[in-house]
Structure formats: structure tokens, C-alpha cells
Amino acid sequence: GIELKNLNFDGEIASYLLNPSESKYDMLNLLNQYSGINTSGIDADDKNGIAALYVQKLDDIKRNMLTEINKHGMNELFEKIEMPLIEVLSSMECLGFKVDAQILHDIGFELSEEIDKLTGEIYDIAGSEFNINSPKQLGVILFEKLNLPVIKKTKTGYSTDAEVLEELSDKHEIVDKIINYRQLVKLKSTYTDGLISCIGKDGRIHSSFNQTVTATGRISSTEPNLQNIPIKMEQGRRIRKAFVPENDEYVIISGDYSQIELRVLAHISQDKSLINSFVNNEDIHRRTASEVFGIPMDEVTPLQRSRAKAVNFGIIYGQSDYGLSKELKISRKEAKSYIDNYFKRYSGVKDYLDSAILDAKDKGYVTTLMNRIRYIPEINSTNKNVKKFGERLAMNTPIQGSAADIIKIAMVKVYSRIKKEKLKSRLILQVHDELIVEAYKNEIDYMKQLIKSEMENAVKLSVPLVVDINVGNNWYEAK
DNA sequence: TTGACACGC
DNA sequence: GCGTGTCAA
Ligand SMILES: [Mg+2]
């Protein structure tokens, strides 16, 4: 019920923009970096003393930070995006998302039954009882008792991750049951039990949205994390049926950007072919397959399209031929030919990614669409692996960070219009390329248009931004 | 506290 | 590439 008004400067956010890789933006750190005083003699436990000094030096700290923000051209990012976003996130936290506990209990009960059944079967096959949740104990069973081949090792012993289990699945009947067990236990512990424990007295889940955690400008969500609710597998996806509107006067509307990162890449690289693909609204993975494999669009097979999709993801991540070969389970040579072909066809993308690495080396940092910065010290490492990692950061950060800039602009715009026009609908969640609105039924058509247009027109790029809108009686149905 | 693992974009 | 939660040790 308390309003946030006339906020124009937040020190934590200002310092986050000046270096988003820091882990703490507390008063002592800010004093040390921006007040000009020597803080080496200050007792870190003296909270009152630090707070008093911070207030005393606030004018200096503020002036120094704003000067730096200005130098980097981040004025608009700070004043027009990040500062207004504080109220948007605060509102999302206060509103929360209503959750039907009964649905979660029902799913949880089903999961328990299946887990119990699988547990018994696994013990029977193994010939002994052990903690299946312990990778260490599971490793002993799989690789010592049952003598299955060791696929890969971790720092501490045998790896038993999903990729390893997948490879072992036709070697022993226990493996599929373990794969299944893992999935179900994850759903039960993190999602049914975990979410139930977060439901407030108002029947809603109030996540925390952190604005100063990620190095790229994305927001993060904790207690609970509402940005990783299952969607890929149907069994997990059903969890979304528990996320419901307040009552039957409301529905859930979801607006999600189509291919926002590749569109951002087309824009910042100005690659002619990639821009053309999006201007013509092509199926981008099919087009990539056609270019990489040198075949007409209508002759692309499902496998080729799927591989091209992995190539596109790899480009965004700055993936090497080695990384792509592991992802697609193909030879390094074959992966290299995919990437080489891609860069021949999309030479503007190649030039751009090279320039991002040069930027990181020359200036020490890379930037996004709205001039958000991220320092990349890894790029100067003498350790080859660290240096390569730095190069991937230099390539990925402008893409991921620009997408974050865009959806933040859209959030501020959607929120402002709802407030100004005194609508009953509410912005309640953001999941990186998606906004979720709890919409009043009389406002459905209006909100669909409002969300679509504010998201698509958040910024003007060389390619269109496309947003898909879906409506449903719960989050699952809004797909 | 850390590492392994699994969920999301 | 970017995150967070759970569990075991
Ligand atoms: Mg999408």
C-alpha cells in the first residue's frame, strides 16, 4: 500500500551499471569506490558508522557515479529504464501470482506414488538399497557393482548426469528408471513441495526480483525462482496449471518475443542476409539450414533444421567447433564445417563477433544497445581456456544484454500505460523474453493489443520485433 | 560451504 | 551464454 514516488537515484543500481560483475553493492563498497575517501581503516561490522558516513558523503558518491554513468552514455539506461523499473519490479513482487495449492498437492501425490514405485524397482535391480539421490552412491552402484562403462568423470568421481545416463540407457535396464526417477524427484522437491511452501496467506506466491545480480543486465528471481518453471516436458509443464488468475473475472495473458536474441544479432551486426531473413519473416532455423547445408529451403529435413537451430544457439553463445560437436554428437571437423559455412553465408555476423572481441581487448569491456557495459578481464588471461571463455563472454553479452535492455523498456512501458489508464489488469511476471499479465476479462482484447504493441515497439531495430500473445485460464493454457 | 545435478531463457 | 534450488557430503 506504500507508493514508491519520485525516486531518481539509487546507489546500488548506479554502481551495478558501472560494474555489473560485482557481487555486493553495499554502502562500504560504494564509499570505497566513489566517495574519494580512504576506507581501509573502517570496521566492516560498524554498520551505524558506515551508514552515517555514507549519508554524509552521499552528495559526493552520487556526483561521482553520475559522472561515470554519463561518460559511458548510460544516462538514458539509468534514468529512463533502470530507475523506473524499480517500481515495476516492486509492484510485481507485491502483486505476486495466485497459485492453486490443490493442483500442486494433486501433482505431488501422483509424483510420490511414481517415485515410490521406481525406488523399489531400482533397489530390486541393484540388489541393494542405497540413496539414489547421492551421485556418489549411485556411481558406486552403476560403475562398480553393475560394471557399466565410465563415460566421463567429475572433479570428485564418476559423472552420473543426464547425458551420461542417456548414453548408458541401452546397456542396463536400471538406467531408464534412474533417468525417470531424477526427473520426478526434481519436480516434486523443487516444484510441487517447493512452491507449496512459498504460497502466502493471500494464496499468492511473491517472488523477489533482483535488479543487480546478473552480469548481462537480465533480472533474476528468487524465493521462489519463477523464471525456471518447467515447460519442455509435458509432465513438468502441468505445474503451470497451478498458476491461476485471482478469480473468474481475470485471465492470464502471456506475450513472448519470437527469436529476440537472433533479431538483436541481426540488428547490431547489420548482417544483410540475417536482416533479410527477419524482414521477410522466414523460419530462421530452416533458413540457416538452407544456407549452412547449401540446399533449397523446401528440402531441409527435420534433422538438418534441428542441427541448424543448434548452430544458431551456438553463434549466440560464441560456441566453438568443439562445443558444437559435443552438443550435436558429431565430429569436430563436421562441426567446424557448419560454423565455417555459417560465417561464409553470414559474414556480417562474423565481422561483428570479431569486433566484439576486439572491443573487449581494447576498451576492457563490451556494450549493449542501451550502452550497458560489462568488463571482460578474462580476455587478457594467459590461461588459454580463460581467454577463450572471455571471448565467448564478449560475443554473448551484447546479445543477451541488449535483449534484456529491450524487455526492460517494454516492462516500463506496459506498466506505465496500465497505471496511467487506470486499468485493472496487472503485470505480474517477466521470464527474460516473456511478460505475464493477469488481465481483467473486460480488458482482454485491449491488453492483448497493448502488450503486443508496447513489446514490439519498445525499440526500433533494423528488423521487426515479433511478439506472440496467448490467453488462458492459467499459465499452462496461455501458450 | 561446495559440487553435482536439473530446471528455465 | 545467463541464472536458482535441492540434495549430499
Ligand atoms: Mg520466445
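In this text the structure is predicted, and so the values were computed from the model without any measurement. Convention: sequence-line order gives letters A, B, ...; per-chain numbering from 1.
- The nearest whole Å value for the distance from the OH atom in A/Tyr317 to the P atom in B/dG8 is 13 Å.
- The outermost nucleotides of DNA chain C lying under 4.0 Å from heavy atoms of chain A, listed 5' to 3', are C/dG1 to C/dA9.
- Among the heavy atoms of the strands lying under 4.0 Å from A/Ala162 are primed sugar atoms or P, OP1, OP2 only; no base atom is included.
- Taking the six-membered ring where the residue is Trp, A/His285 and A/Phe313 present parallel rings, their angle staying beneath 30° rather than reaching 60°.
- Between the A/Arg263 side chain and the A/Pro464 main chain, a donor and an acceptor come within less than 3.5 Å of each other.
- Applying the salt bridge (Lys or Arg N to Asp or Glu O under 4.0 Å) criterion to A/Arg392, with sequence neighbours excluded, gives no partner residue.
- In this structure A/Tyr250 satisfies the ring pair (Phe, Tyr, Trp, His ring centres under 6.0 Å) test together with A/Tyr440, sequence neighbours excluded.
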Side-chain donor/acceptor pairs under 3.5 Å, residues 344-353 of chain A, sequence neighbours excluded:
unit_1   : atom_1 : unit_2   : atom_2 : d
A/Lys350 : NZ     : A/Asp354 : OD1    : 3.4

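- Note on A/Gln319: nothing from the nucleic acid sits closer than 4.0 angstrom, heavy atoms only.
- Residues in residues 213-233 of chain A take part in these salt bridge (Lys or Arg N to Asp or Glu O under 4.0 Å) pairs, two or more places apart or across chains: A/Arg218-A/Glu261.
- Of the residues in residues 385-403 of chain A, those lying under 4.0 Å from DNA chain C by heavy-atom distance are A/Phe389, A/Arg392, A/Leu393, A/Asn396, A/Gln400.
- Applying the ring-ring contact (aromatic ring centres under 6.0 Å, His included) definition to pairs two or more places apart or across chains, none involves residues 192-237 of chain A.
- A/Glu334 is linked by a side chain to side chain donor-acceptor pair (under 3.5 Å) to A/Tyr338, counting only residues two or more places apart in sequence or in another chain.
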Short heteroatom pairs, N/O only, protein and nucleotides 1-3 of chain B, under 3.5 Å:
none

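- Residues A/Glu114 and A/Gln235 bring a donor and an acceptor atom of their side chains to less than 3.5 Å of each other.
- A heavy atom lying under 4.0 Å from DNA chain C marks the following residues of residues 215-242 of chain A, by number: A/Ala215, A/Thr216, A/Arg218, A/Ser220, A/Ser221, A/Thr222, A/Glu223, A/Asn225, A/Asn228.
- No option in A/Met455, A/Glu454, A/Lys408 other than A/Glu454 meets the side-chain contact (heavy atoms from CB on, under 4.5 Å) test with A/Lys413.
- Here the side chains of A/Thr119 and A/Ile132 are in contact, with some heavy-atom distance below 4.5 Å.
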Query raised in the report: Would A/Lys117 and A/Glu121 satisfy salt bridge (charged side-chain N to carboxylate O under 4.0 Å, His left out), going step by step from the backbone distance to the final call?
Result: CA-CA 6 Å; A/Lys117 184 160 174 283; A/Glu121 289 172 358; 3.4 Å; yes
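- Interface residues of residues 168-190 of chain A facing DNA chain C, ordered by number: A/Lys186, A/Ser189, A/Thr190; criterion, heavy-atom separation under 4.0 Å.
- For the contact set between residues 328-367 of chain A and DNA chain C, defined by any heavy atom under 4.0 Å, there are no members.
- Judged purely by atom type and a 3.5 angstrom limit, A/Gln211 uses its side chain to pair as donor or acceptor with the backbone of A/Glu82.
- Counted within 6.0 Å of NZ on A/Lys80, heavy atoms from surrounding residues, nucleotides or ligands total 12 or fewer; the atom is thus considered open.
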